[in-house]
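Right, one structure below, let's go through it.
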Amino acid sequence: MTQLSISQRAMAARPAPSYLDGLNPEQRAAVETLDGPVLMLAGAGTGKTKALTARIAHILATGAAKPWLVLAVTFTNKAAREMRERVEALIGPGAQGLSWLGTFHAMSAQMLRRNAELVGLKPNFTILDTDDQIRLLKQVIQAENIDEKRWTARHLAGLIDGWKNRALTPDKVPQDEAYGFAGGRGAKLYAIYQDRLKVLNACDFGDLLLHAITLLRSNPDVLADYQDRFRYILVDEYQDTNVAQYLWLRLLAQGRQNLCVVGDDDQSIYGWRGAEVDNILRFERDFPGAKVIKLERNYRSTPHILGAASGLISANAERLGKTLWTDLPGGEKVLVRGVWDGEAEARLVADDVEQWRRAGRPYKDAAVLVRASWQMRAFEERFIMLGLPYKVVGGPRFFERAEIRDAHAYLRLIASEDDDLAFERVVNTPKRGVGDTTVQKIATAARAAGVTLARMAQTLITTDELKGPARTGLNRFLADLERWRARARELPHTELAELILDESGYTDMLRADKSPQAAGKLDNLKELTRSMGAFDTLGAYLEHVQLVMDVDRGEDGEDTVQLMTLHAAKGLEWPLVFLPGWEEEVFPSRRALDESGQKALEEERRLGYVGLTRARESARISFAANRQIYGRWQTVLPSRFIDELPETHVEAVSDTGYFDHGAGAADSRYAAWGPMAMEAGAGFGSGYQSPGWKRAQASGGFGASRPPTIEAAAKLVAPSGASDARYGVGDRVFHDKFGYGSVTAVEGAKLSVAFDKAGEKRVIDSFVKAA
DNA sequence: TTCTTCACGCTTTTT
DNA sequence: GCGTGAAGAA
């Protein structure tokens, strides 16, 4: 008798198993509807994870299936970890043996390791990350004599990823798309790249899924085995699946049709990396007889927040449609505030946070969610100035840092000497006199002889092919590798890593580095050796980092304001949420709109919906009049999304204080916001429109090198005949004939102005007189 | 081989 | 405005 059936009997003895406690009728239906396909449409904050984990608990506890016969797929390792923990919390040891709970990629890798030969790989294949992928593609492009400045490896990598997301092998790439790269050689390069991967016994992330599909498609016995094995299949965040993942699932689910997918079409925000909202919109057609269960009761946010979010998302056309409701009390309206510029916005947010803190609330209950990571800088600067504790979530990932990748390359070389990409990465890091020319020489010879770089290097140092420092350096490098491999047998892998970093001169190189980042890099390497300690062997560690590009650094529990992108915020929640930068061009992002038009606009809107629904008690949107983007000042307009928020749930407030023009403004919502009113034609008083000068922006404005100041703006809107209005160097001016310019010198009433368009300087009398 | 200088281009991000 | 990356100089 297994432990499972004991706990099962214990469960059966009780009328209502505890994992069903506190579930509402819809959630309960989602848990207990076990036969046939199920689509759980779960709006934000409706207890989706709770229902999903309870469903797994239910399957296991009722004995419907053994844990190893349940396939549960997520997108991120974090989600997989959380799911496992929560199922364990619900039913205890019965959850052990959930060996098929993980990400699409990890599950694919698991299948491939068992049957690697069937797709032309060896079972110990390596998994390349984006960086390896790009370096390999660069080689392919060079080998084909293509201008790599015109056609970058990064661009090609993007195309290939896109094709792989759509499960397109090189022969299936549509003609017109292949023509988009290097004059029609896109598909050919893709094919060459795939050949190179095979030679290297390597996969990129897309390959994991693609090879798994190939494995299942071309081996009916393997497919039948998995179809039979997986009694129940569960998929989290179904709205984020791409075509390849859809095909993967369809193959596996075809047998028993016991597929339960959970998602929210309104929270699909990864279209740009291949996610197809269509998959969830189409589910009922793909799986006839599917039961659709909607979770609409929200346990997270106040009615005002839900109202604002619902109003916004209702502007989208392609929706399955849900109406979130809550019986939580009213709370405050969503605040919308206009500010002068990004700095003022950061000041405003920081002030709010301090007030929140003074009211006895913790910092960690507040989050700032931005559209793009460059927006974080202003907040960080302000927070640092005030000594306000904050934490950037996401950002450059630990395992993608150069020093960590270098260390890994050394370790990979110890584990398998034929890892060419690793060899190339560190053969001259730190510098040992083995430059590009030498590496090229080795690579050409290795390719010709059909051996690995390391092996060819070994051969070449015995000949006279290489001379001087190159030969000495390479010789020492190879001898080092040999010695480390020998030590690897007796030394624990953490100590081995330290030894390698020391003896290779890598730590010395960083110590000699005077740049401020060097110290951090050394810390990161320490962190690396520490995190290796959690694994028994070097091999186990490397397998882990290849798939799980994240390290559990256990820094939870710190009381800090959370600063992150909207994308990173999905699945999280806070009582107080700031949503800055709601301006056209920024959010919705102009780039997204340029690239994918209406489709992108809807996705941006969903992003706004995700942002709003993160808030439990208070959501505070803000927008600026002037924004520094890539070091250039621009005037910006409030986001169209602000207009789409239902007024009944929104409170518009001004914090500028300087430009309160009240009822005269075009839209009372922006009443207090000077520049907007100006743009809208509300005017700043009769004197503003003086002959020849349509508009004089404050210092700053278009393309200036310093931010506009309130004082300068006030000066420029001085009453008519204001020939005495004084300008400062750097002020922006606009002239009918010459367009925008900036003041380079002031002499009495004469201004020297450099006009942007004309590219020349002109001296003009004063701002009331046309030049 | 390595150091220096100029040009370019720039979201979101997981595996 | 800044970091990367490629081409020329030492």
Side-chain angles (χ1 to χ4, degrees), chain A residues 73-80 102-109 127-134 138 142 147-150 152-155 158 161 164-165 203-210 237 240-242 244-245 269-275 369-377 393-397 399-400 402 428 430-440 467-470 473 515 517 544-550 564-571 581 585-596 600 603-604 606-607 610-611 628-633 703-706:
Chain A
V73 226
T74 62
F75 275 84
T76 65
N77 292 296
K78 192 178 159 212
T103 62
F104 276 100
H105 293 86
M107 298 299 93
S108 299
I127 300 164
L128 304 186
D129 61 25
T130 319
D131 202 80
D132 289 326
Q133 191 188 0
I134 286 171
K138 193 175 266 179
Q142 279 167 347
D147 177 8
E148 49 181 321
K149 273 186 105 172
R150 177 84 182 76
T152 63
R154 194 170 291 277
H155 182 191
D161 271 345
K164 287 183 176 175
N165 284 338
C203 275
D204 61 25
F205 287 120
D207 279 340
L208 290 172
L209 284 156
L210 215 45
E237 307 278 18
D240 287 337
T241 47
N242 59 35
Q245 285 154 340
I269 54 174
Y270 286 108
W272 51 273
R273 65 175 199 217
L369 311 181
V370 295
R371 176 61 181 80
S373 41
W374 58 262
Q375 293 172 267
M376 291 184 188
R377 211 203 57 208
V393 178
R397 323 208 109 253
F399 285 128
E400 278 163 20
N428 201 30
K431 303 229 178 335
R432 348 183 130 80
V434 187
D436 284 349
T437 332
T438 313
V439 175
Q440 276 319 314
K467 301 180 189 66
S515 71
Q517 292 95 314
H544 174 81
V545 294
Q546 287 178 343
L547 271 174
V548 183
M549 298 291 286
D550 198 10
M564 70 191 82
T565 63
L566 285 162
H567 283 90
K570 193 159 88 158
E585 318 268 287
V586 176
F587 181 59
S589 145
R590 197 186 74 144
R591 230 159 185 276
L593 264 41
D594 283 352
E595 254 166 51
S596 327
E603 182 153 313
E604 296 286 303
R606 290 194 289 268
L607 211 42
V610 167
Q628 203 176 18
I629 301 172
Y630 301 133
R632 296 255 158 261
W633 280 96
S705 57
R706 63 191 174 87

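Below, chains carry the letters A, B, ... as their sequence lines are ordered, and counting in each starts from 1.
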How would you list, by chain and number, every residue that makes a side-chain hydrogen bond (donor to acceptor under 3.5 Å, both in side chains) with [X], sequence neighbours excluded?
X        : value
A:Thr565 : none
A:Arg154 : none
A:Asn428 : none
A:Glu604 : A:Arg371

Exercise for the section: Considering just the side-chain nitrogens and oxygens of A:Thr130, establish if one lies under 4.0 Å of OP1 or OP2 belonging to B:dT15. Expected result: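 For B:dT15, neither OP1 nor OP2 has a side-chain N or O of A:Thr130 closer than 4.0 Å.
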Exercise for the section: Please name all residues satisfying salt bridge (charged side-chain N to carboxylate O under 4.0 Å, His left out) with A:Arg591, sequence neighbours left out, ordered by chain then number. Expected result: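 Expected list: A:Glu595.
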Exercise for the section: Please identify each residue that fulfils salt bridge (charged side-chain N to carboxylate O under 4.0 Å, His left out) with A:Asp161, with sequence neighbours left out. Expected result: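 Here no residue qualifies.
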Exercise for the section: Do nucleotides 2-10 of chain C as a string where each nucleotide becomes B, S or -: B if the base has a protein heavy atom under 4.0 Å, S if just the sugar-phosphate does, - if no protein is that close. Expected result: ----S----
Write out a two-atom table: protein N or O, nucleotide N or O from nucleotides 10-12 of chain B, distance below 3.5 Å.
from	atom 1	to	atom 2	distance (Å)
B:dC10	OP2	A:Arg591	NH2	2.7
B:dT11	OP1	A:Tyr630	OH	2.6
B:dT11	O4	A:Glu595	OE1	3.4
B:dT12	OP1	A:Ser373	N	2.8
B:dT12	OP1	A:Ser373	OG	2.3
B:dT12	O4'	A:Arg371	NH1	3.2
B:dT12	O2	A:Trp272	NE1	3.3
B:dT12	O2	A:Arg371	NH2	3.1

Handout entry: Position toward the 5' end of DNA chain B (nearest nucleotide), A:Ala106 or A:Asn428
Key =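 Going by which nucleotide is closer to the 5' end, it is A:Asn428.
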Handout entry: Qualifying residues under ring pair (Phe, Tyr, Trp, His ring centres under 6.0 Å), relative to A:His567, sequence neighbours excluded
Key =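 Counting only residues at least two positions away or on another chain, A:His567 forms a ring pair (Phe, Tyr, Trp, His ring centres under 6.0 Å) with A:Tyr270, A:Trp272.
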Handout entry: Atom pair distance, as rounded to whole Å: CG in A:Asp161 and C1' in B:dT13
Key =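 In whole Å, B:dT13 C1' lies 11 Å from A:Asp161 CG.
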